[in-house]
Amino acid sequence: NFIQEEYNEALGDRYLISPLSKMSLVVSQWLTGCSISIIQGLIIVACAKLFFNVSYGASNLVVLFIIIVGAVFFNALGLFLGVLGRRMKALDGIVSLLIPVMTFIGGGFIKLDFGSLSKLSINEVFQQPLFDYIQQGVIHLMPVYNALALSLGFVIISVFSLTRKGAR
């Protein structure tokens, strides 16, 4: 929404005359989103531990790593989709519809077995390694590493698109 709404409105005009570079503005907005997402994830984990005595396996660091990469990935994806959404206005509506569908298929609301259909959900990339670790002690983080690499690509493409000469 930062890219699609704020950047093209009056606040965007103030951003453009700011002494900070466009790259600094975009990256700082992305990092702010990542920080908020990480804090939200930590609150959920802490409340689940405190109120429901949830066990997260032998090391909470694996869970923390998955939360951090998930926050980085989903904020990078949001940044990338925001950049695309500036050109394709219908994308915002499509994404708004896909978010609950992907969450449902990925088991975010209720864990249902959709078989291979669940592989279509982006949420599955983070949920499966998390549940495998918590339930079986198996550390399989390759999908999480792939998401981290994609995040970097999304951010680089987005920053390049927004900071090139003449871009607004």
Side-chain angles (χ1 to χ4, degrees), residues 1-45 60-108 118-133 139-168:
N1 285 340
F2 160 71
I3 299 302
Q4 198 167 357
E5 294 171 6
E6 291 180 4
Y7 210 77
N8 287 331
E9 294 177 1
L11 187 56
D13 292 336
R14 284 185 241 143
Y15 286 152
L16 291 175
I17 61 171
S18 163
L20 295 173
S21 69
K22 283 194 232 180
M23 184 172 101
S24 296
L25 290 168
V26 173
V27 171
S28 66
Q29 286 289 327
W30 172 66
L31 289 174
T32 300
C34 290
S35 300
I36 292 168
S37 298
I38 291 168
I39 290 169
Q40 289 173 336
L42 292 175
I43 289 171
I44 291 169
V45 166
N60 290 337
L61 292 178
V62 174
V63 175
L64 178 64
F65 178 70
I66 293 173
I67 288 172
I68 290 170
V69 174
V72 167
F73 175 78
F74 285 111
N75 280 278
L77 178 61
L79 175 64
F80 180 69
L81 291 174
V83 170
L84 289 179
R86 293 173 65 213
R87 305 264 186 262
M88 299 179 290
K89 297 299 177 191
L91 185 62
D92 189 40
I94 293 168
V95 170
S96 294
L97 287 172
L98 284 176
I99 289 171
V101 170
M102 290 293 173
T103 302
F104 181 74
I105 291 173
S118 65
K119 301 282 186 230
L120 295 176
S121 173
I122 296 172
N123 302 19
E124 186 75 9
V125 170
F126 298 97
Q127 289 176 351
Q128 194 60 52
L130 183 63
F131 293 142
D132 285 349
Y133 176 70
I139 299 177
H140 179 67
L141 296 176
M142 190 50 73
V144 178
Y145 293 137
N146 290 339
L148 191 57
L150 274 173
S151 302
L152 181 62
F154 288 151
V155 171
I156 289 171
I157 291 168
S158 299
V159 166
F160 175 75
S161 296
L162 293 170
T163 58
R164 63 182 165 49
K165 194 162 182 84
R168 179 183 159 91

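When reading the values below, keep in mind they use all heavy atoms of this one structure, side chains included, and skip hydrogens, waters and symmetry mates.
- The nearest pair of heavy atoms linking P129 to L141 is CB-CD2, 4.4 Å.
- In this structure, V155 and V26 have side chains that are not in contact, with every pair of non-hydrogen atoms separated by 4.5 Å or more.
- Atom-to-atom distance recorded for I157:CD1 and L152:CG is 9.5 Å, nearest 0.5 angstrom.
- Applying the side chain to side chain donor-acceptor pair (under 3.5 Å) test to residues at least two apart or on different chains, none of the pairs has a partner in residues 143-154.
- Not counting sequence neighbours, Y133 has no partner by the ring-ring contact (aromatic ring centres under 6.0 Å, His included) test.
- V72 approaches C34 most closely through the heavy-atom pair CA-SG, 3.7 Å.
- Looking at heavy atoms from C-beta onward, L79 lies out of side-chain contact with F154 at the 4.5 angstrom threshold.
- Closest non-hydrogen pair, V159 versus M23, comes out as CG1-CG, 3.5 Å.
- Applying the side-chain hydrogen bond (donor to acceptor under 3.5 Å, both in side chains) criterion to N60, with sequence neighbours excluded, gives no partner residue.
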As a quick check of understanding, evaluate side-chain contact (heavy atoms from CB on, under 4.5 Å) for L148 and V144, giving each step before the final call.
CA-CA 6 Å; L148 191 57; V144 178; 5.9 Å; no
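- The two residues I67 and I38 have their closest heavy-atom pair at CG2-O, 4.3 Å.
- Taking the six-membered ring where tryptophan is involved, the planes of F74 and F126 are tilted, since the angle between them lies from 30° to 60°.
- By the 4.5 Å heavy-atom criterion applied to side chains, L61 and F65 are not counted as neighbours.
- Contact check for I122 versus F73: side-chain heavy atoms found under the 4.5 Å cut-off.
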